[in-house]
K.L.:
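Please find one structure pasted underneath; my questions will follow.
Proteins get letters first, then strands, A, B, ... in listed order; numbering begins at 1 in each.
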There are 2 protein chains.
Amino acid sequence: MRDKLDAVDHTILTILSEDAQMNYTDVAKRAGVSPGTVHMRTRKMKNMGVIKGATLSLDYSKLGWKMTVFLGIFLKQASLYKDVIDALSEVEEVVKIHHSTGKYDIFVKIHAKDSLHYRRLYQESILVIEGIRDIESFISLEESMNRHIHFGEK
Amino acid sequence: MRDKLDAVDHTILTILSEDAQMNYTDVAKRAGVSPGTVHMRTRKMKNMGVIKGATLSLDYSKLGWKMTVFLGIFLKQASLYKDVIDALSEVEEVVKIHHSTGKYDIFVKIHAKDSLHYRRLYQESILVIEGIRDIESFISLEESMNRHIHFGEK
DNA sequence: TTTGAAAATAGCAACCG
DNA sequence: CGGTTGCTATTTTCAAA
């Protein structure tokens, strides 16, 4: 098993990025190879850690979770990074955490059911975290796009 | 077919959110129902638009895409929103666009292979977009977490 | 990498509670 | 009426060429 990805691997990734539940037979047709090859390549990329897993793309608003909020967090000291990450991880509504450079120290994505839920969450679970100096928040009104990179070229 | 989601639906969503490629038989075992039910519920939720699709979770750095950058964009006028979104959509490296309120007008996520790629991309494809007044950018050094909401309660 | 075959699963229909 | 069960077509998965 070679550890380098070729054009076939990239094609498979692009196809599965769009629909991870597509069966191998159809993927094989689109990629122009046999189902067995798709199976082998996919397993290889999972073992390599290139494919970390598969997840559903959900319409949160239809599930009653109407708000998506981003928080740009400033730390009191850079060394508190890990403690704050750990504390944020405890909050179930926090779905993404990025350690960033530039404007904010940490960048977080949160889901909330409504503004009441969000306010309570923000005040009772986020603001109380030790080590946070300041927070800038912005509410996502609409997700206009959500896609993957097209792994065309080498 | 009822249009309301019950506890079984939520359980299925939670399981598939963690691994969208798990087969229905295993999902059924975990959810404590029959495979037929899982099949039926999943189809219902797809038809309702609750499940929009499934996508791979990839390790971009292993694919040679080392940088993730967030851009907070300020518009010259709010009315230019749609034009700017359209222009951003043309840029292949832009993977997410959020229309937001609070600090920025538009919030964007970008993948780039390296800093050279990013700089060229930023200057030649983003900065030139008509209607953008200013941009604040921050680079994600590390994604510490990426998960879904646990749809436990109603 | 493909091919072909065996095992497992998806998807459906009729039945049951 | 929705869930389960059992059946069939399809798909996954592996071994051999």
Side-chain angles (χ1 to χ4, degrees), chain A residues 1-65 148 150-154, chain B residues 1-59 62-64 148-154:
Chain A
M1 182 194 299
R2 278 167 59 214
D3 277 9
K4 201 75 202 82
L5 301 181
D6 64 10
V8 174
D9 294 314
H10 285 132
T11 305
I12 292 170
L13 282 183
T14 300
I15 294 169
L16 288 177
S17 292
E18 282 162 23
D19 181 5
Q21 287 178 335
M22 183 182 292
N23 64 55
Y24 287 177
T25 311
D26 286 345
V27 174
K29 277 182 205 155
R30 287 224 213 170
V33 294
S34 75
T37 303
V38 174
H39 177 238
M40 206 176 59
R41 301 301 190 97
T42 305
R43 191 175 46 186
K44 177 184 76 176
M45 292 188 282
K46 279 183 185 169
N47 288 337
M48 286 171 67
V50 170
I51 297 176
K52 291 187 288 185
T55 182
L56 291 185
S57 154
L58 300 173
D59 187 329
Y60 279 87
S61 69
K62 288 191 178 158
L63 284 159
W65 291 69
H148 276 257
H150 187 91
F151 300 102
E153 350 79 79
K154 182 74 239 182
Chain B
M1 182 194 296
R2 279 168 57 214
D3 277 10
K4 201 75 203 82
L5 301 181
D6 63 12
V8 175
D9 295 312
H10 286 132
T11 305
I12 292 171
L13 282 183
T14 299
I15 294 169
L16 288 178
S17 292
E18 282 162 23
D19 181 5
Q21 286 178 336
M22 183 183 291
N23 63 56
Y24 288 178
T25 310
D26 286 345
V27 175
K29 276 182 207 154
R30 286 225 213 167
V33 294
S34 75
T37 302
V38 174
H39 178 239
M40 208 171 54
R41 301 301 190 99
T42 305
R43 190 173 48 185
K44 177 184 78 177
M45 291 189 282
K46 280 183 183 168
N47 288 336
M48 287 170 66
V50 169
I51 298 176
K52 291 188 288 185
T55 183
L56 291 184
S57 151
L58 299 173
D59 187 328
K62 288 190 177 158
L63 284 159
H148 275 256
I149 290 292
H150 187 90
F151 301 101
E153 355 78 79
K154 180 59 238 181

K.L.:
Do A/Q21 and A/L56 make a side-chain contact, defined as non-hydrogen atoms from C-beta onward lying under 4.5 Å apart?
P.N.:
yes

K.L.:
Output yes when at least one side-chain N/O atom of B/R41 is less than 4.0 Å from OP1 or OP2 of D/dG2, else no.
P.N.:
no

K.L.:
Quickly work out the B/M40 CE to D/dC1 C1' distance and round it to whole Å.
P.N.:
10 Å

K.L.:
Which nucleotide wins on minimum distance to the side chain of A/D6, given the candidates D/dT5, C/dT2, C/dT1?
P.N.:
C/dT1

K.L.:
Please determine if a side-chain N or O atom of B/T37 lies less than 4.0 Å away from the OP1 or OP2 oxygen of D/dT4.
P.N.:
yes

K.L.:
Quick one, A/L63 and A/D59 - any side-chain contact, counting heavy atoms below 4.5 Å?
P.N.:
no

K.L.:
In Å and rounded to the nearest 0.5 Å, what is the CD to OG distance from A/E18 to A/S57?
P.N.:
12.5 Å

K.L.:
Are any of the side-chain nitrogens in B/R41 or B/D9 under 4.0 Å away from the carboxylate oxygens of its partner?
P.N.:
yes

K.L.:
Taking only side-chain N and O atoms of B/H39, does any of them lie within less than 4.0 angstrom of OP1 or OP2 on C/dG11?
P.N.:
yes

K.L.:
What orientation do A/H10 and A/F151 show, parallel under 30°, tilted 30 to 60°, or perpendicular over 60°?
P.N.:
parallel

K.L.:
A/V33 and A/T11: side-chain contact (heavy atoms from CB on, under 4.5 Å), yes or no, with the steps?
P.N.:
CA-CA 11 Å; A/V33 294; A/T11 305; over 6 Å; no

K.L.:
Where along residues 18-30 of chain A does a heavy atom come under 4.0 Å from DNA chain C, residue by residue in number order?
P.N.:
none

K.L.:
Using OP1 and OP2 only, check whether a side-chain N or O of B/R43 sits under 4.0 Å from C/dC12.
P.N.:
yes

